[in-house]
Protein chains: 2
Amino acid sequence: MRRPATLASLAAELGVSRTTVSNAYNRPDQLSPELRRRVLETARRLGYPGPDPVARSLRTRKAGAVGLLLTENLSYAFRDPAALGFLEGLALACEGAGQGLHLVPVNPEREDVAAVHRAGVDGFVVYSVPDDDPHLAAVLSRPVPTVVADQPHVEGVDRVGIDDRGAITALAKRLIALGHRRVGVLCMRLTRDRNDGFVSTDRAETATFHVQRARLAGLTDAFSAVGVDWGRVPVVERFDHSISSGASAAAQLLDADPHVTALICTSDILALGALAEARRRGLRVPQDLTVTGFDGIADADRAGLTTVRQPVLEKGRAAGKLLLASVDPTRPREITLNTELVPGATAAPPRTAEERWFGP
Amino acid sequence: MRRPATLASLAAELGVSRTTVSNAYNRPDQLSPELRRRVLETARRLGYPGPDPVARSLRTRKAGAVGLLLTENLSYAFRDPAALGFLEGLALACEGAGQGLHLVPVNPEREDVAAVHRAGVDGFVVYSVPDDDPHLAAVLSRPVPTVVADQPHVEGVDRVGIDDRGAITALAKRLIALGHRRVGVLCMRLTRDRNDGFVSTDRAETATFHVQRARLAGLTDAFSAVGVDWGRVPVVERFDHSISSGASAAAQLLDADPHVTALICTSDILALGALAEARRRGLRVPQDLTVTGFDGIADADRAGLTTVRQPVLEKGRAAGKLLLASVDPTRPREITLNTELVPGATAAPPRTAEERWFGP
DNA sequence: CTGAAAGCGCTAACAG
DNA sequence: CTGTTAGCGCTTTCAG
């Protein structure tokens with residue numbers, strides 16, 4: 001088989017100009033139906049598959065795709081309902097605009113930013129990566145529009161998110177109103193390095209995962225305001241985001257401080273794990289222990305978890321829309337979506353000391 | 001701001017050739033560290049973001065990405081655990097090879113194949129689309145390697161899948177051994193058109209979704225072999241793949257034929273819906289009704305569903321590996337993964353007529 | 001309705 | 001180690 005046909009060879013074969021062949025594909029109204037038929041017919045005969053997408057992209061300066069940069073490992077994204085919701089929303093937005101969605105391969109092992117530079121895309125969405133992620137820096141260095149989601153604001157870059165700090169503060173106030181003062185916190189990983197265990201105040205404040213940092217800060221705000229010494233509040237971190245991680249974190253925390261009356265978790269997944277651990281220990285929720293989550297995923301709903309619901313699908317869709325509207329100077333530069341407190345059934349007033357010893 | 005810097009303008013500025021600049025990025029060992037430093041430094045100063053990925057792709061004939069063609073609507077894929085597992089496996093394979101994963105936007109509304117032609121990718125994976133999907137045809141017309149998964153074999157195209165027909169036959173034999181003869185079937189959509197309701201033998205045989213067709217055929221095999229007149233077996237189809245669809249399908253079937261002793265579902269999701277409907281009707285499973293699924297998703301496990309487990313993540317990974325190994329002529333051309341019967345706890349012998357009337 | 005001219009921005013021999 | 005040459009395959013004014 002000879003080398004593959006190109007638009008030029010097709011034109012030669014037909015004895016017409018390249019323009020005409022190009023038009024046959026891209027501007028059917030620019031040539032006679034008859035000629036067009038002939039062109040397409042000959043293309044089929046020669047096995048010409050139509051204009052090469054890459055060459056076309058080079059010429060038109062449009063790749064027809066949006067790049068998506070996700071947390072270190074992709075598997076994570078496919079297992080976390082909140083991330084999935086975002087992905088779905090973004091995919092929907094792309095689909096609606098006829099744009100492809102290019103998942104940038106981020107090899108967790110070797111730190112290789114090359115993939116970002118190799119991605120033929122018209123723009124990027126960056127979702128919840130650590131502030132110091134080199135891939136993020138690489139994305140920002142590319143001369144294409146970018147939208148960050150669940151990330152700190154970057155000068156000149158559009159942004160989508162929620163008020164993590166305020167939302168969890170509201171939840172905390174609810175617990176405070178119920179009477180909780182001695183609480184424990186379970187959070188997701190705070191930096192790129194694994195640190196399964198207790199978290200110092202300093203670590204919490206310098207966490208490079210913006211969302212986690214903001215949520216912890218929100219808790220500090222609320223409890224400090226009522227005189228709780230936040231430095232004494234036990235905070236346990238887990239690198240892996242899974243129900244079993246949540247369970248083990250809860251175990252670690254309860255072992256260290258059996259007197260906490262509430263376990264505040266920065267994600268529903270962790271909270272579901274905490275519920276499992278409470279059950280294992282024979283602690284009734286919420287009578288013996290209050291447990292709260294964050295996100296509002298379906299499983300949390302089913303479990304009746306007290307949590308904060310955020311519109312993850314909308315967030316993804318908003319990110320996509322913002323990116324695809326980059327040409328429009330009147331678009332918003334920043335979108336903060338609303339959250340909603342879900343009362344659920346896993347929060348109640350703490351037991352009094354008497355109750356602890358003598359039963360309800 | 002003047003027009004963006006290019007490799008050529010950088011070279012001019014530096015007074016070196018374009019090759020040298022190119023080498024600075026792509027072959028650091030081909031020039032002195034000092035010169036390289038100067039090049040990169042000047043690049044930063046001029047705001048040159050590095051070689052344009054599209055131009056590079058055109059030149060190298062490598063896009064560095066794999067295209068993925070999925071069922072009509074993307075949301076579906078993000079909500080179906082089996083599809084998600086496949087996606088995760090594929091993403092893992094791509095990630096491992098440093099390849100991007102380009103989700104092809106398939107607009108469910110207008111039938112627009114253009115996106116397939118616009119995708120700058122080195123190959124395609126096609127997962128579970130109808131046999132007559134025009135996007136599939138478009139993919140096959142492109143001169144790049146392709147792997148189909150959960151699809152019928154296509155001449156010259158690599159394939160990954162399981163033995164759907166055999167696997168469900170094995171499950172059916174189990175039910176037959178238990179004594180079930182009067183059964184009903186719940187299946188997913190069989191064609192691109194919506195048809196929520198009963199399925200004729202003809203429709204079942206001409207279904208364009210290969211997987212569903214194969215599973216129904218497997219059931220026919222097993223039950224026909226023991227003398228059950230398959231033409232009389234009620235089969236209910238649902239377009240939407242959700243638990244509530246499964247429930248409504250079960251309701252429709254049980255209303256039409258209250259005497260079936262088993263509900264065989266072609267997916268776990270549908271089966272979970274059937275379980276819910278059974279519960280709603282006060283039917284005990286498996287004493288009053290046997291229910292089976294297919295896939296082996298986590299929720300099915302949790303529900304103790306009798307089903308067939310298939311290695312969805314492995315399937316995705318295998319598809320990716322096969323595609324990325326396309327250059328290797330010794331690779332397998334077709335991979336059939338093993339499935340496993342999961343006994344579960346939702347299948348039992350049917351109640352006898354006496355038991356039906358007088359209780360167990 | 002058709003064609004000629006002019007690159008899009010880059011890389012890969014190959015020769016110095 | 002560096003430069004010259006020669007396109008990759010296509011689209012797009014702008015004339016005819």
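Between the CZ atom of Arg56(A) and the P atom of dC10(C) there is a distance of 21 Å, given to the nearest Å. The distance between atom CG of Leu7(A) and atom P of dG9(D), rounded to the nearest whole Å, is 11 Å. Note: NE2 (His117(A)) to P (dC10(C)) measures 13 Å, nearest angstrom.
Residues passing the side chain to side chain contact (heavy atoms under 4.5 Å, CB included) test with Val312(A) are Ala82(A), Gln310(A), sequence neighbours excluded. Scanning for salt bridge (Lys or Arg N to Asp or Glu O under 4.0 Å) contacts around Arg79(B) gives Glu88(A), with sequence neighbours left out. Listed by chain and residue number, Pro311(A), Arg317(A), Leu337(A) satisfy the side chain to side chain contact (heavy atoms under 4.5 Å, CB included) test with Glu314(A) (two or more places apart in sequence, or in another chain). Legend: residues meeting side chain to side chain donor-acceptor pair (under 3.5 Å) with Asp112(A), ordered by chain and number and at least two apart, are absent. Every residue meeting the ring-ring contact (aromatic ring centres under 6.0 Å, His included) condition with Tyr127(B), not counting sequence neighbours, appears here in chain and number order: Phe86(B). Legend: residues meeting side chain to side chain contact (heavy atoms under 4.5 Å, CB included) with Thr20(B), ordered by chain and number and at least two apart, are Val16(B), Ser17(B), Leu31(B), Leu35(B). When the side chain to side chain contact (heavy atoms under 4.5 Å, CB included) test is applied to Asp133(A), the partners found at least two apart in sequence or on another chain are Glu72(A), Val129(A), Pro130(A), His135(A), Leu136(A).
Side-chain atoms of Asn26(A) and Arg56(A) include a donor-acceptor pair closer than 3.5 Å.
Of all the residues in residues 28-36 of chain A, not one reaches under 4.0 Å from DNA chain D with any non-hydrogen atom.
Comparing Ala55(B) and Val16(B) by the nucleotide of DNA chain D that holds the closest heavy atom to each, the one mapping nearer the 5' end is Val16(B).
Across its full length, the helix from dC1(C)-dG16(D) to dG16(C)-dC1(D) shows an angle of 20° between the axes of its 5 terminal pairs at either end, rounded to 10 degrees.
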If you restrict it to nitrogen or oxygen atoms, what contacts under 3.5 Å exist between nucleotides 12-16 of chain D and the protein, and what is each distance?
{"residue": "dT12(D)", "atom": "O4", "partner": "Thr19(A)", "partner atom": "OG1", "Å": "3.0"}

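Applying the ring-ring contact (aromatic ring centres under 6.0 Å, His included) definition to pairs two or more places apart or across chains, those involving residues 47-66 of chain B are Tyr25(B)-Tyr48(B).
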Contacts table for residues 94-104 of chain B: side-chain donor-acceptor under 3.5 angstrom, sequence neighbours left out:
{"residue": "Glu95(B)", "atom": "OE2", "partner": "Leu74(A)", "partner atom": "N", "Å": "3.3"}
{"residue": "Gln99(B)", "atom": "OE1", "partner": "Ala65(B)", "partner atom": "N", "Å": "3.4"}

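Listed pair Ser17(A) / dG3(C) meets the phosphate criterion, a side-chain N or O lying under 4.0 Å from OP1 or OP2. An OP1 or OP2 oxygen of dC10(C) is reached within less than 4.0 angstrom by a side-chain nitrogen or oxygen of Tyr48(B).
Out of dT2(C), dG3(D), dG9(C), the shortest distance to the side chain of Arg61(A) is found at dG9(C).
The backbone N or O of Lys62(A) lies less than 3.5 Å from a partner atom in the side chain of Ser57(A), making a donor-acceptor pair.
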